[in-house]
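All residue numbers in this chain count up from 1 along the given sequence. In listed order, ligands and their atoms are each counted from 1.
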Amino acid sequence: MRLDEALREQEEGLLNCVHCGFCLPACPTYNRLGDEADSPRGRLHLMRAVVEGRLAPSSHAFQLHLDRCLGCRACEPVCPSGVEYGMLLERARQVARSARPPDRLTRLLLTLVSRPGVRRLGLGGGRLLRFLGVSRLGSALPGGAPWGRLRLALAMLESTRPPPLAEIAGSGPAEGRPGEDEARPGARGEVGVLLGCVQEGLLGRVNRATERVLEANGYTVRRVGGQGCCGALHAHAGALSGAREMARRNIAAFEASGVKWVVANAAGCGAAMVDAGHLFRGDPEWEERAGRFGDKVRDVSQLLGEGDGCRRGAPLSVEVAYDPPCHLLHAQGVEAPPLRMLEAIPELRVLPVPGGAECCGGAGIYGLTQEELGGRIGADKVAAVRETGAPWLATGNPGCMMQIGAGLRLAGAAVGVCHPVELLDESYRRAGYYDGSA
Ligand code: SF4
Ligand code: SF4
C-alpha cells in the first residue's frame, strides 16, 4: 500500500490526525528541537502536503524531518485518534527514498543485514575485532568529527562483550535450590525463537539464555531452519520491498515448523513481526497469512511473565535498573511482563530508569546516522540510568543494549548491561535447573 492510500485509509477508518497536539510532549525530537516539523503532528502535515502535491518528496523539509524521526512510536499510545504513525512513517520514507537515495552508511548497513554472505562476513569481522580488543579503542578516540562515529561504533561493539553475571552476589546453588512447588512445569508446547541477525551474530548468548529458560519452564524449543533477518531495519528506512522479502522468508519458515509460538527476544524484531500483516496490507496473497503469523509472535517476557508466570530461581542480590525498549513498550504495548518475569528472582531489586518511556537514541541505526541528535538523546538516557545508582542495567533489545552500553562506557560508568532474560538464566543456573538435578 502506498503513502496516499495509507493516509486515505486512516481517514476512512476515523484514524485521522485531529491536530490536538497530545503527541508533542511524548516526542523526543520535538522535546529537543522545539520545532513543530520535528513533532509527529508536523511530520504528518508534511506527509499530507506531499500526497496532495503541495510539497516535493525531494524537498529539504520532507527529507530532513523524516530523517530526524526516531521511529520510536512514543506518539502512538498517547494519540486519541489512534493514528498508526509507525506504519505511515514507513510508507513516507519509501516515498522519500524514491526521490533521494539514502546516505552511504544506511545503504551499507542495510546491505550488511540483508545479504547472508555479507552479514556473516561483517558480523564475523565484528566478533574478531572484539576478540582482539580493538573495540576497546573506542574510548580512546576523541568525540565529534571526524572520529565520533567510529568511536561510537567501537563502543557499541565493545558493549556486546558478555557481562560478568557470575560475579553478582547471591546464594549458592545449595541455598538457592527451590522447593517442591518450583518443580518443572508440565509441557507448554513447542516454540521457535527468532534468532535475528545482530542478536545471533554478536549477542548469541542472549538467544541461548532464552532457549534455556524456556525449556526450564516446560516449553519445547525447536530450532527453526530457513529463518533470517526480520527486516525491521529495512522497514524503518522505507525499503519496503526488501522488508517484505525478508518477512516472507520468516513467515514460510515458521509456518513449516508448526510451532505454537514464535518467540522474540529483540523488541525491534518482535514489533516488526507482530506488525507483519500491516507490511502486506492490501496484498491478497500475503496479508492474512502475515496477520496469522503476527498473532503467534510473543516476546519472551510474555511467555514467562504472563498467566502462570515462570519458576522461581536462586537469589541474585543486586540492584538492576530496567529500561523498557520503545518497540516493546510503545509498539507492542508490553509493559508489565518483563518486570513480572524478573520477580521470579529472589532478592533482585528492580529500579525504574527515570523517564524510561523515552527512546535511548539508538533506534535501529539512528545513533550512527543521526550522530548529533542521537547522541544528545542517548546522553540523557545514560544520565538517567546513572541516576538510579544501580550497577546493572537490563533492557530487552540489542540496539538499546548497544546504544546505552556504549554511552555508559564512553561516560566512564561501571554499569553492566544485559538482557532481562540473562538475569533469569543466571538465577536458574544457580538454582541447578540446568544440571539435570532440578
Ligand atoms: S495526538 Fe494524534 S491526533 Fe493529536 S496531533 Fe498527535 S497524531 Fe494528531
Ligand atoms: S516516532 Fe518518536 S520521534 Fe518520531 S514522531 Fe513519533 S514520538 Fe517523535
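- The nearest heavy-atom contact from the protein to atom 3 (S) of ligand 1 is Val18 N, 3.3 Å.
- Which of Cys359, Cys23, Ala331, Cys75 comes nearest to atom 7 (S) of ligand 2 through a heavy atom is settled by distance: it is Cys75.
- The distance from ligand 2 to the heavy atoms of Arg73 drops below 4.0 Å at these ligand atoms: 1 (S), 2 (Fe).
- Counting heavy-atom neighbours within 6.0 Å of Glu319 CD, excluding the residue itself, gives a total above 12.
- Scanning all protein heavy atoms for the shortest distance to atom 5 (S) of ligand 1 gives Gly21 N, 3.2 Å.
- Applying the 4.0 Å criterion to heavy atoms of Arg41 picks out, from ligand 1, the atoms 5 (S).
- Residue, atom and distance of the protein heavy atom nearest to atom 2 (Fe) of ligand 2 are Cys72 SG, 2.3 Å.
- Seen from the ring of Trp286, Arg244 does not count as a face-on cation partner, given the 6.0 Å and 45° thresholds.
- With values rounded to the nearest 0.5 angstrom, Thr29 atom OG1 is found 6.5 Å from Ile377 atom CD1.
- Distances below 4.0 Å separate heavy atoms of Leu44 from the following atoms of ligand 1: 7 (S).
- Heavy-atom neighbours of Glu335 CD from other residues, nucleotides or ligands within 6.0 Å: at or below the threshold of 12.
- One finds a salt bridge joining Asp380 and Arg32 here, because a Lys/Arg side-chain nitrogen approaches an Asp/Glu carboxylate oxygen to under 4.0 Å.
- If you look at Arg43 next to ligand 2, the close heavy atoms, those under 4.0 Å, all belong to the side chain.
- Inclusion of Cys79 in the first shell of atom 2 (Fe) of ligand 1 is supported: an N, O or S atom falls under 2.8 Å.
- Nearest to atom 4 (Fe) of ligand 1 among the protein's heavy atoms is Cys20 SG, 2.3 Å.
- Closest to atom 8 (Fe) of ligand 2 among all protein heavy atoms lies Cys27 SG, 2.4 Å.
- Enclosure of atom CG in Asp308 is not indicated, since only 12 or fewer non-hydrogen atoms of other residues, nucleotides or ligands lie within 6.0 angstrom.
- For atom 4 (Fe) of ligand 2, the N/O/S atoms of Cys69 include one lying under 2.8 Å.
- Each of the atoms 5 (S), 8 (Fe) of ligand 1 lies under 4.0 Å from some heavy atom of His19.
- In the displayed structure, Arg120 atom CZ is contacted under 6.0 Å by at most 12 heavy atoms of other residues, nucleotides or ligands.
- Relative ring orientation between Phe293 and Phe254 is described as tilted, the plane-to-plane angle lying within the 30° to 60° band.
- Every heavy atom of Pro40 sits 4.0 Å or more from the atoms of ligand 1.
- Per-residue contacts place Gly71 under 4.0 angstrom from the following atoms of ligand 2 (heavy atoms of the residue considered): 1 (S), 4 (Fe).
- Contacts with ligand 2 closer than 4.0 Å are made by no heavy atom of Tyr30, backbone or side chain.
- Remark: ligand 1 atoms within the under-4.0 Å shell around heavy atoms of Pro80 are 1 (S).
- Among Arg205, Arg212, Arg208, the single residue meeting the salt bridge (charged side-chain N to carboxylate O under 4.0 Å, His left out) criterion with Asp425 is Arg212.
- For Arg54, the CZ atom sits in a packed shell: over 12 heavy atoms of surrounding residues, nucleotides or ligands are nearer than 6.0 Å.
- Ion pairing between a basic and an acidic side chain is recognised when a charged N comes within 4.0 Å of a carboxylate O; Glu306 and Arg340 show no such pairing.
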